[in-house]
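Scope of the values below: all heavy atoms of this structure, side chains included, with no hydrogens, waters or symmetry mates. Quick note on labels: first sequence line is chain A, next is B, and so on, each numbered from 1.
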There are 2 protein chains.
Amino acid sequence: MEKLKKQLVKAGYKMTAPRIAVLEELSVSRHPISVRNLHKKIKAVNRASVYRTLNLLEESHLVNVEVIGKEKLYCLANVPHHHIICKQCGYMEEIKCNHNFGYFKNFSNIHHQLTLTGVCNKCAK
Amino acid sequence: MEKLKKQLVKAGYKMTAPRIAVLEELSVSRHPISVRNLHKKIKAVNRASVYRTLNLLEESHLVNVEVIGKEKLYCLANVPHHHIICKQCGYMEEIKCNHNFGYFKNFSNIHHQLTLTGVCNKCAK
DNA sequence: AACACAATTGCGAATTGTTCGCAAGTGTTA
DNA sequence: TAACACTTGCGAACAATTCGCAATTGTGTT
Ligand SMILES: [Mn+2]
Ligand SMILES: [Mn+2]
Ligand SMILES: [Zn+2]
Ligand SMILES: [Zn+2]
């Protein structure tokens, strides 16, 4: 959390209440979360500011975005990981990321985003 | 293309003109494409129907969706592959998919979606 | 070939998601 | 404490996506 704040500052952004609120909520709700739900949790922050903050966090690679069904979800990227999600019930597990697309000819500064979907054992009966 | 149609039918859907138009346009424009651009190419098809078709194609796993920056892009999934995209200029390369998340404890029927982003050599100067 | 019926479409309106413009407020640095 | 640029909140604007429903069409059956 403190580390996150420092990264923001280092990226050249001011440390404001709305930004702290977003970061803290992201870090509390450990699961990927939609803008709508995130904003529900921090109503003090204006919706536009939630969008603005998420956008700059994404550009700074402090959060990742993924699309699950019709939802766009945001998740802190401090610890590199991915998710596998049950399409039926939404049950989700984290997957440690040990990928290395490090050197890809023709590209530098590579980031990646991976999402797995499936049916959990419970739902599969 | 013919194979795609067959898959749709096998999935229990009727083979209609709008659906064929969408499939053909996806197959012609080999790159991931946004709803807006796809619709531009097949204006004969109503926009709502484009959405409806893409949604059912996605549920049938005939197309994949990925988010690049602020764009939601659709791409045929007939040949398993991913993309690496330059954030500066949009240049993109296809990556053959040889991943196998096949057996993941607790989940079955697993699908995955991977996107790489970076800066292409040209843009990196 | 005509029929029957459920599935699908087009249309416009409704809903939801996201961005904008600008005046007022705030963090940082000196 | 005084700048001053960066941010915020607010509403309106704009864009994306879905909905409801009457009209149309694909497909399997006579
Ligand atoms: Mn990874
Ligand atoms: Mn793959
Ligand atoms: Zn489940
Ligand atoms: Zn480039």
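- Looking only at atom types and distance, the side chain of B/Glu58 has no donor-acceptor partner in the side chain of B/Ser60 under 3.5 Å away.
- Annotation: of the two residues near DNA chain D, B/Lys14 and B/Val35, the 5′-most nearest-nucleotide partner is B/Val35.
- Ranking C/dG10, C/dT8, C/dT28 by closeness to the A/Met15 side chain, first place goes to C/dT28.
- Between B/Lys40 atom NZ and D/dA15 atom P there is a gap of 12 Å when expressed in whole angstrom units.
- Here the P atom of nucleotide D/dG9 and the CZ atom of A/Arg52 are 8 Å apart, to the nearest Å.
- Of the candidates C/dC11, D/dT17, C/dT28, D/dT17 carries the atom nearest the B/Lys72 side chain, counting heavy atoms from C-beta on.
- Using modelled atom types, one finds a donor on one side chain and an acceptor on the other under 3.5 Å when comparing A/His83 with A/Glu66.
- A donor N or O paired with an acceptor N or O is not found under 3.5 Å between the base of C/dG27 and the side-chain atoms of A/Arg19.
- Atom-to-atom, CG of B/Asn55 to P of C/dT8 comes out at 13 Å; the value is rounded to the nearest Å.
- Across the protein-nucleic acid pair, B/Glu58 atom CD and D/dT17 atom P stand 11 Å apart, rounded to whole Å.
- One finds a side-chain N or O of A/Thr16 lying less than 4.0 angstrom from the OP1 or OP2 phosphate oxygen of D/dT8.
- Between A/Lys70 and C/dT16, a side-chain N or O to OP1/OP2 separation shorter than 4.0 Å is absent.
- No N or O donor and acceptor, one from the side chain of B/Arg47 and one from the base of C/dG12, sit under 3.5 Å apart.
- More than 12 heavy-atom neighbours from other residues, nucleotides or ligands sit within 6.0 angstrom of NZ on A/Lys5.
- Between A/Leu73 atom CG and C/dG17 atom P there is a gap of 12 Å when expressed in whole angstrom units.
- Closest heavy-atom contact between A/Asn64 and A/Ala77: ND2-CB, 3.7 Å.
- When distances are taken from the side chain of B/Ala48 to each of D/dT8, D/dC19, C/dG17, the shortest belongs to D/dC19.
- Residue A/Gly12 is the one, among B/Arg36 and A/Gly12, whose nearest nucleotide of DNA chain D lies closer to the 5' end (criterion: closest heavy atom).
- Across the protein-nucleic acid pair, A/Glu71 atom CD and C/dT16 atom C1' stand 12 Å apart, rounded to whole Å.
- Rounded to whole Å, the distance from OH on A/Tyr51 to P on D/dA15 is 16 Å.
- With hydrogens and angles left out, the side-chain atoms of B/His112 and B/His82 include a donor and acceptor closer than 3.5 Å.
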